[in-house]
**Q** 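The structure follows.
Each ligand, and each atom within it, is numbered from 1 in the order the structure gives. Sequence positions, counted from 1, serve as the residue numbers for this chain. Keep in mind the model is a prediction, meaning the values are calculated, not measured.
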Amino acid sequence: MPPLSPTDLPAPPAELALLAIEVASEAAEFVRTRRRAHFEIDVKSSPTDMVTEVDTATDTLIRERLTARRPDDGLLTEEAATVTGTSGIVWVVDPIDGTTNFVYGRYPHAVSIAATVDDTPVAAAVIEIAHGDRFDAWLGGGARRDGTRLAPVAATPLPLALVATGFGYDPERRRRQAAVLERIIGDVRDVRRLGAASFDLCSVACGEVDVYYEHGLGPWDLAAGRLIASEAGCAVDRIAGGHGAGPLDGSDVIAGHPQLVEDLRALLVRSGVERVAEIVGARPPA
Ligand code: IPD
């Protein structure tokens, strides 16, 4: 499929980004207010995969706001069923990315909202809730942090690179992810586990970490952050390579300066991890 052109979308991507920012800002304020009160906690895929009543209430708020403004658009949100629209635009939403951090009162946790067309993000907003950092991007329009355009990131050599990653909720997957990490940790500057994939991608975009990789993500974890990283000039790809920042066809991602992405991928392979995605149980590329 040819890459999407900003002039050939069902709606101007800058307008979609403004709506994403507006709704994400209201949702972030809602989460901050609800954090101060008691909230119930439930679990999803495993005993450590938490969902709070604030996640579900925020999911509802975001769906209501988007549907009121754009009733013909589709919705794919972490805490609710998929809604098929007719406009060609599907909003992909994580009401609280980093729920574990939210529950523990830790930074970062974020509202993540992306407008997608043909599974490709075209407009995005990520708002970190604890500190209020606001990232946005639209296709062909660059990426911004608090309204200031992000400059392209530097080409850090791999031995000096600060690497971010994350772990899934399934215990066996986590063990395999830790085994992969053990193989590479001696060859990079250091490793960070921030706890919110959307914010990991924004951190790559603004140079607060050098490169990020993770397996086993949902589309709502990835959609907004990967547009922000790619509009900031980063390479955003599948770990096994070859797909680029195209459709959301996988659950694994590697993002950073294009050279660093290549170098980290080569390190993963040199470490005996030829088929990283399969080793950690993610779906291999088609
Ligand atoms: C999680 C976070 C975390 C990542 C997990 C995700 P959630 O999302 O993004 O950083 O390592 O893989 O599931 O569950 O907090 O929305």
**Q** Checking the N or O distance criterion of under 3.5 Å, is ligand 1 in contact with G216?
**A**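 For ligand 1, there is no N or O atom that lies under 3.5 Å from one belonging to G216.
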
**Q** Does D200, backbone or side chain, put an N or O under 3.5 Å from an N or O of ligand 1?
**A**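 No; every N/O pair is 3.5 Å or more apart.
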
**Q** Excluding sequence neighbours, so at least two apart, what forms ring-ring contact (aromatic ring centres under 6.0 Å, His included) with F199?
**A**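 Partners of F199 under the ring-ring contact (aromatic ring centres under 6.0 Å, His included) test: Y107.
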
**Q** Charged N to carboxylate O under 4.0 angstrom, E22 versus R65?
**A**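 Looking at E22 and R65, the cut-off is not met.
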
**Q** Please give me the minimum heavy-atom distance between A137 and A17, naming the atom from each residue.
**A**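 In this case the closest contact between A137 and A17 is O-CB, 3.8 Å.
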
**Q** Please check whether A196 reaches ligand 1 - meaning an N/O of the residue sits under 3.5 Å from an N/O of the ligand, judged on distance alone.
**A**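 Yes, there is a polar N/O contact under 3.5 Å.
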
**Q** Establish, from distance only, whether the side-chain atoms of D59 and T77 form a donor-acceptor pair under 3.5 Å.
**A**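 Indeed, the side chains of D59 and T77 share at least one donor-acceptor pair under 3.5 Å.
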
**Q** Ion pair present between R134 and D146, side-chain N to carboxylate O less than 4.0 angstrom?
**A**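 D146 and R134: not salt-bridged.
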
**Q** In ligand 1, which numbered atoms sit nearer than 4.0 Å to a non-hydrogen atom of I96?
**A**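 It comes down to these atoms of ligand 1: 16 (O).
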
**Q** Can you sort out which atoms of ligand 1 are near A197, meaning under 4.0 Å from one of its heavy atoms?
**A**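 Listed by number with element: 2 (C), 9 (O), 10 (O).
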
**Q** Using a 4.0 Å cut-off to any heavy atom of L217, which atoms of ligand 1 qualify?
**A**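 Near L217, meaning under 4.0 Å from one of its heavy atoms, ligand 1 has 12 (O).
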
**Q** Quick one: does D49 get an N or O within less than 3.5 Å of an N or O on ligand 1?
**A**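 In fact, backbone or side chain, D49 has no N or O that close.
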
**Q** Taking 4.0 angstrom as the limit, do R265 and D237 come out as a salt bridge?
**A**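 Counted as a salt bridge, because a side-chain N and a carboxylate O are separated by less than 4.0 Å.
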
**Q** Counting only heavy atoms not in R106, do more than 12 fall under 6.0 Å of its CZ?
**A**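 For R106, atom CZ is not crowded (no more than 12 foreign heavy atoms under 6.0 Å).
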
**Q** Does N101 have a heavy atom less than 4.0 Å from any atom of ligand 1?
**A**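 No heavy atom of N101 comes that close to ligand 1.
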
**Q** Please report whether ligand 1 has a polar contact with G195, defined as an N or O pair separated by less than 3.5 Å (distance criterion only).
**A**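 Right, the criterion is met.
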
**Q** For atom 11 (O) of ligand 1, what is the nearest protein heavy atom, given as residue, atom name and distance?
**A**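 It is E214 OE2, 2.5 Å.
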
**Q** Thinking salt bridges, do R192 and E208 make one under a 4.0 Å N-O criterion?
**A**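 Not counted as a salt bridge, because no side-chain N and carboxylate O are separated by less than 4.0 Å.
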
**Q** Considering both backbone and side-chain atoms of G98, is one of its nitrogen or oxygen atoms within less than 3.5 Å of a nitrogen or oxygen in ligand 1?
**A**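 N/O-N/O distance below 3.5 Å exists for this pair.
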
**Q** For ligand 1, find out whether one of its N or O atoms is nearer than 3.5 Å to an N or O atom of T100.
**A**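 N/O-N/O distance below 3.5 Å does not exist for this pair.
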
**Q** With heavy atoms of Y169 as the reference, note each atom of ligand 1 found under 4.0 Å away.
**A**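 Matching atoms, with element in brackets: 1 (C), 7 (P), 13 (O), 14 (O), 15 (O).
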
**Q** List the atom of C206, the atom of L150, and the distance in Å for their closest heavy-atom pair.
**A**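 Closest heavy-atom pair between C206 and L150: CB-CD2, 3.8 Å.
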
**Q** Is the closest side-chain heavy-atom distance between W138 and L9 below 4.5 Å?
**A**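 In short, these two side chains do not touch, never coming nearer than 4.5 Å.
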
**Q** If you measure from each non-hydrogen atom of L194 to ligand 1, which part falls under 4.0 Å: side chain, backbone, both or neither?
**A**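 Looking at L194 and ligand 1, no heavy atom falls under 4.0 Å.
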
**Q** For ligand 1, does F167 get within less than 4.0 Å through its side chain, its backbone, both, or neither, judged by non-hydrogen atoms?
**A**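 The answer is the backbone.
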
**Q** Around E172, counting heavy atoms of other residues, nucleotides and ligands shown, do more than 12 lie under 6.0 Å from its CD?
**A**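 More than 12 heavy atoms, drawn from other residues, nucleotides or ligands, come within 6.0 Å of this atom.
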
**Q** May I have all residue pairs that pass salt bridge (Lys or Arg N to Asp or Glu O under 4.0 Å) and include part of residues 79-92, sequence neighbours excluded?
**A**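 Pairs touching residues 79-92 that pass the test: K44-E79.
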
**Q** Is there a nitrogen or oxygen of R193 sitting under 3.5 Å from a nitrogen or oxygen of ligand 1?
**A**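 Yes.
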
**Q** Mark up the atoms of ligand 1 that fall under 4.0 Å of a heavy atom belonging to G166, in ascending order.
**A**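 Counting from 1, the qualifying ligand atoms are 11 (O).
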
**Q** Of the listed options (D221, D97, T48), which comes nearest to atom 9 (O) of ligand 1 when hydrogens are ignored and any heavy atom counts?
**A**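 Checking each option, the heavy atom nearest atom 9 (O) of ligand 1 is found in D97.
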
**Q** Nearest heavy atom to atom 16 (O) of ligand 1: which of D55, V51, D94 does it belong to?
**A**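 Shortest heavy-atom distance from atom 16 (O) of ligand 1: D94.
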
**Q** Just which atoms of ligand 1 are under 4.0 Å from any heavy atom in E78?
**A**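 Every atom of ligand 1 under 4.0 Å from some heavy atom of E78: 14 (O), 16 (O).
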
